[in-house]
Every structure is written in structure tokens, then in C-alpha cells.
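What you are looking at is a predicted structure, and each value in this text was computed from that prediction instead of being measured. Each chain gets a letter, A, B and so on, in the order the sequences are listed, and its residues count up from 1.
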2 protein chains.
Amino acid sequence: MRIGQLAQLVGVETQTIRFYEQQGLLPPPDRQDNGYRVYTEKHGEGLAFIRRCRILGLSLAEIHELQSYQDDPHQSCTAVNALLDDHISHVRSQITALQALEKQLVSLRASCNDDREVEACGILAGISEGNMHQQ
Amino acid sequence: MRIGQLAQLVGVETQTIRFYEQQGLLPPPDRQDNGYRVYTEKHGEGLAFIRRCRILGLSLAEIHELQSYQDDPHQSCTAVNALLDDHISHVRSQITALQALEKQLVSLRASCNDDREVEACGILAGISEGNMHQQ
DNA sequence: TTAAAACTATAAAGCTACTATAAGGTCAAT
DNA sequence: ATTGACCTTATAGTAGCTTTATAGTTTTAA
Ligand SMILES: [Zn+2]
Ligand SMILES: [Zn+2]
Ligand SMILES: [Zn+2]
Ligand SMILES: [Zn+2]
């Protein structure tokens, strides 16, 4: 299987596959005489794993870590679970931060209607005055 | 006022100030004979404005747009209000996406306890099997 | 007075996770 | 023989800084 077929199979661009190889996330495949990469089903599984991790918001470093655990299948999976716990708390704190931000933005938005000149705009005034509750 | 004092006043790094100047967000200040930048109060206000916008999650491009409105203070502020509306909806869709992600991660996390070997880890199995409800 | 510390300058690279572009080699079909 | 689709590598761009390198200037302390 060549790179284009693999890409289509998993739904990524060919450059992305080369990029993962370069980053050490995907093992370097064999090459044909002409230099073309030849992939096996295992590569397909590995690539699909990476993509599902990415959809879950895991960083390439976190994926790398998960792969290192997979390479040693008889150790305890505590570290895997902890990685996910950490990631969940990252996501939760992002949500919290964005919700606070939304609140701030909505209250700022309420300080202006559409019938003003820029110099009287409640939004620009609100930002400039800087009475923002940071964090 | 030199760059270090301005940086301390507003709470940013000196490089950040030079970066904003380079990006056209902060007007180039006068220079001393030795080449050192000399800032006025207006620069301080401009920099504080940028920082407050950044805290609100506005991109440098959006800040640039706001500044262009400020330069023409007698036009209607409709565009300013619209920019904020857009930004609010960006933030809301980020929140929605992250909440969906959190749900997915939590259910994945529930598929494992801490007393397994990696090869039996419910999380790794869940990712590998790929029964993920995308988006 | 002089030497170190602290400050300033520019330019360039690094960060994340790709995406895009350039310039070229390979292969099948027309 | 040439088009088109595919493959190769290398390089640059994205956002918003941060870090590093290298060098010149000012301030402070011995
Ligand atoms: Zn994470
Ligand atoms: Zn307004
Ligand atoms: Zn925005
Ligand atoms: Zn587990």
C-alpha cells in the first residue's frame, strides 16, 4: 500500500503521514526500489490510533507517551489512566476559562447598541477603561 | 520612558512590546541617540488596550481592526459591535466543542480502573477500537 | 576607575500540528 | 512523446509570542 492509498483510507493528507513519521509517531515503512513508501495494515492501525487521539485533543507528546506504554504491555495501566485524567482536567479548565470569558464578553457587548459613533462606542470604552476582572 | 519601564508598567515582556511594534499594533516610538526606544503615556495606553483585548481572546488581526475603527472616530460603531458578536460566537462554539469532548473523554475514562495491565487497559482499547462518535 | 550587572538593540530560531509550495523523479496511458 | 497522477525531499507559512545569540550601552559597586 502506497502513501496515497493509506492517506485516503484513514482520511488524512499524505504530508501529514510523512510528518508523523518524521515526528517519530509512525514507524518508517519499507521503501520500493524507486523510494516510494510501502505501508502495511499495522501502519494503518497505528495511523488511525493517532488520528483518534488527535480527535480527543491529545497532543503529539501525549500520543507518544501512550505509544510507549503500548510497547510494554505487561506493566500497569495506571499511567494511561492518569494521562487521561490529566487531559480531562485540562479540557475542563479550558471550558471554565472560556465560560468566564464569554460572560465578560457578553457584558461588554451589552454596553453598546448600534446607533453610536466609534468615539462613543460602549465596547471600545469598556476595553479602554480597563475595569476588567482579570481571570 | 524606556522599554523596560513600559514593560513593567503594563506587565509584559520587552520582547512582546517589540513584537507588537513589528506587527504594526504599536506605533514606532522615538529613539534616543543610542537607539533606545522612548515611550510616551499614549504608548502605555495603546499597549494596555492591546493586552486587554488579548485577555478577551481577540486575535492580533481583530485588534488591528479595532484600532482602525478608533482612527476614524466619527463613523458608526456597528462594525465594532459586529466584531464582538462574531468573537462571542467563536467562543461559544469552542465551549460547545470542548463540552462534547469532555463527555467523550469521561466516558472513555470510565472504561478502565487502575488494576489492569496495559494490554487490557479499557482506555487504550477504547481508542483503538475506534467506536468514537465523531463530532 | 574599572569591572560587573543590568539594560538595550537586532536577528534568528523554537514552539504546535500541521498545510502549502517548490522543484523534481516515476509510472501508466495516450 | 507527452500528459496526468503519483511519489520524493526540502522549505516556508500559520499565531503569538518566547528563547537564544550576539553585541552595544548604561548603571552600579568595589
Ligand atoms: Zn492534554
Ligand atoms: Zn459600539
Ligand atoms: Zn475572535
Ligand atoms: Zn487502563
| What pairs with B:E117 under side-chain hydrogen bond (donor to acceptor under 3.5 Å, both in side chains), at least two apart in sequence or on another chain? | A:H74
| request: Please collect all side chain to side chain donor-acceptor pair (under 3.5 Å) contacts where either partner lies in residues 22-33 of chain B, sequence neighbours excluded, each pair once. | output: B:Q32-B:N34
| task | With sequence neighbours excluded, tell me which residues meet side-chain hydrogen bond (donor to acceptor under 3.5 Å, both in side chains) with B:T78. | result | B:S76
| said: Show every salt bridge (charged side-chain N to carboxylate O under 4.0 Å, His left out) that has at least one partner inside residues 79-99 of chain A, sequence neighbours left out. | reply: A:D85-B:R109, A:R92-B:E102
| query | Could you give the CZ-to-P distance, from A:F19 to D:dA12, as a whole number of Å? | reply | 17 Å
| Which part of the nucleic acid does B:R18 contact within heavy-atom distance under 4.0 Å: base, sugar-phosphate only, or nothing? | base
| said: Taking ring-ring contact (aromatic ring centres under 6.0 Å, His included) as the cut-off, I'd like each qualifying pair that reaches into residues 14-41 of chain A, sequence neighbours left out, listed once. | reply: A:Y39-A:H43
| note | The bend of the helix from C:dT1-D:dA30 to C:dT30-D:dA1, taken between the axes of its five terminal pairs at each end and rounded to 10°, is 40°
| said: Does any part of the side chain of B:Q99, heavy atoms only, come nearer than 4.5 Å to the side chain of B:I95, both counted from C-beta? | reply: yes
| remark: note: A:Q22, atom CD; D:dT8, atom P; distance rounded to Å ~ 13 Å
| request: Using the salt bridge (charged side-chain N to carboxylate O under 4.0 Å, His left out) rule, collect all pairs that involve residues 58-67 of chain B, keeping only residues at least two apart or in two chains. | output: none
| Partners of B:Q70 by side-chain hydrogen bond (donor to acceptor under 3.5 Å, both in side chains), sequence neighbours excluded? | none
| said: Between B:R2 and B:L58, which residue's closest nucleotide on DNA chain D lies nearer the 5′ terminus? | reply: B:L58
| field | Nucleotide D:dC17, atom P - distance to CD1 of B:I63 in whole Å | value | 8 Å
| query | Separation of A:E21 atom CD from D:dA10 atom P, in whole Å? | reply | 12 Å
| said: Please identify the 5'-most and 3'-most nucleotides of DNA chain C with any atom under 4.0 angstrom from a heavy atom of chain B. | reply: C:dC7 to C:dT10
| request: Please report, rounded to the nearest Å, how far the P atom of D:dA15 is from the OH atom of B:Y20. | output: 14 Å
| request: Please identify each residue that fulfils side-chain hydrogen bond (donor to acceptor under 3.5 Å, both in side chains) with A:S107, with sequence neighbours left out. | output: none
| salt bridge (charged side-chain N to carboxylate O under 4.0 Å, His left out): pairs with one or both residues in residues 13-26 of chain A, sequence neighbours excluded | A:E21-A:R37
| Would you find a donor on one side and an acceptor on the other, under 3.5 Å apart, between the side chain of B:H87 and the backbone of B:L56? | yes
| said: For B:T16 and A:I3, find the nucleotide of DNA chain D closest to each by heavy atoms; which residue's nucleotide sits nearer the 5' end? | reply: A:I3
| Among residues 26-38 of chain B, which residues get a heavy atom nearer than 4.0 Å to DNA chain C? | B:R31, B:G35, B:Y36, B:R37
